[in-house]
Amino acid sequence: MNRKIKDSVFTKMFRQKKYLLQLYQALHPEDKETTADDIEIITLEPILINDMTNDLGFAVKDKLFVLVEAQSTVSVNIIIRSFMYLARTYQEYFKAAKRDLYSSKPVKIPKPELYVVYTGDKKTNKDVITLSEEFFGGEEAAIEVRVKLITEKNGRGIISQYITFSKIVNAQAKIYGRTSKAVQEAIRICKDEEVLTEFLKGQEKEVVDIMIDLFDQEEMYKIHEENLIAESRAKAIAEGRAEGRAQGHAQGHAQGRAEGRAEGRAEGRAEGETEGKESVAMEMIKYNYEPLIINKLTQVPLDRINELRVFLVNQQ
């Protein structure tokens, strides 16, 4: 399942060259010469089910690589993910261009730019997040990665419109729920306020279908999460009861049985709830959810989420 909410609209829109050119112009208003024909989409495509993919990547005249992610929450881990996307992009570029990395002369390499389009409501005062600041306390490291944050306050052109679109969708979902009414009302408001007007007029049905499908997937995920927790809790409680009975019999009297059952139930509930939440967290990790989102939805601590992530990587 695609677990990303509004970035499917993002990726659909910017796969079209005329909108992609507008995005580039919003990032580089000083460039008046680049045309749509000068831009090549280089977004990573999945080969395997859990293969690495990014939201958007494009090259400009073989001189510039631009990677852009759209997020409703800001996690500093996007710095590492963006670095990994960039490394993979360069790897494919060097292979396709047949660059000799063992040559004594510097190989031709496009300049990279990394961006995050942030659509959430939580305020941030940062325009740039860096690897050294967020992970090494500002100390110099062997590599540095800089990711520019594009927010409501500094977005331009079509990027600003996309952020506004996302916020309008969120606002209407709070009123009408995650329904077609919410999406249709959001589109109506956007048209009235000249937000992504051309795109929404031309592809309204597709946008509604995308949003409803994603709303449905989110609801299915919530049901799946609840079922996993309930099943794990029930199993642990049953095991706790059995353990409690055994402990009570070993003690040889009624009080021992009662205490054993009570202790078994309490431990079973706690273990079941923890196991259930961690099962859900592992599923979310597989679908590349941000750790902060996983923590918010499951209450699994961030350090435990990182341990589960390492465990899954080692299992591959």
Salt bridge or not between [X] and [Y]? Use side-chain N to carboxylate O under 4.0 Å.
X: Glu307; Y: Arg304; result: yes
X: Lys148; Y: Glu113; result: no
X: Glu134; Y: Lys126; result: yes

Review point. Is the centre of the Tyr93 ring less than 6.0 Å from the centre of the Phe65 ring?
Key: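 Tyr93 vs Phe65: aromatic centres under 6.0 Å.
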Does the side chain of [Y] come within less than 4.5 Å of [X]'s, by heavy atoms?
X: Leu200; Y: Cys190; answer: yes
X: Val207; Y: Ile187; answer: yes
X: Val117; Y: Leu149; answer: no
X: Val9; Y: Phe199; answer: yes
X: Tyr19; Y: Leu23; answer: no

**Study point:** For Ser103, all residues meeting side-chain contact (heavy atoms from CB on, under 4.5 Å), sequence neighbours excluded
**Key:**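 Result, side-chain contact (heavy atoms from CB on, under 4.5 Å) vs Ser103: Asp100, Lys105.
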Exercise for review: Quick one: list whatever passes side-chain contact (heavy atoms from CB on, under 4.5 Å) with Lys181, sequence neighbours left out.
Suggested key: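 Listed in chain order: Tyr176, Thr179, Glu185.
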Just by distance, do the side chain of [X] and the backbone of [Y] share a donor-acceptor pair under 3.5 Å?
X: Lys191; Y: Lys201; answer: no
X: Thr53; Y: Leu44; answer: no
X: Asn54; Y: Tyr85; answer: no
X: Thr130; Y: Val145; answer: no
X: Glu152; Y: Thr119; answer: no

Between atom [atom1] of [X] and atom [atom2] of [Y], what is the distance when rounded to the nearest 0.5 Å?
X: Leu196; Y: Glu194; atom1: CG; atom2: CD; result: 11.5 Å
X: Leu67; Y: Tyr115; atom1: CG; atom2: OH; result: 10.5 Å
X: Gln161; Y: Glu193; atom1: CD; atom2: CD; result: 11.0 Å
X: Ile294; Y: Lys277; atom1: CD1; atom2: NZ; result: 14.0 Å

Check your understanding: Going hydrophobic residue to hydrophobic residue with side-chain gaps under 4.5 angstrom, can you get from Ile109 over to Ile143?
Key ->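 Yes, same cluster.
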Exercise for review: Please step through side chain to side chain contact (heavy atoms under 4.5 Å, CB included) for the pair Gln172 and Val183, ending with a clear verdict.
Suggested key: CA-CA 7 Å; Gln172 295 308 303; Val183 181; over 6 Å; no
Are more than 12 heavy atoms, taken from residues, nucleotides or ligands other than [X], located less than 6.0 Å from that residue's [atom1] atom?
X: Arg309; atom1: CZ; answer: yes
X: Asp192; atom1: CG; answer: yes
X: Arg99; atom1: CZ; answer: yes
X: Lys63; atom1: NZ; answer: no

Practice item. Please collect all salt bridge (charged side-chain N to carboxylate O under 4.0 Å, His left out) contacts where either partner lies in residues 13-40, sequence neighbours excluded, each pair once. Key: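 Output for this query lists Lys18-Glu198.
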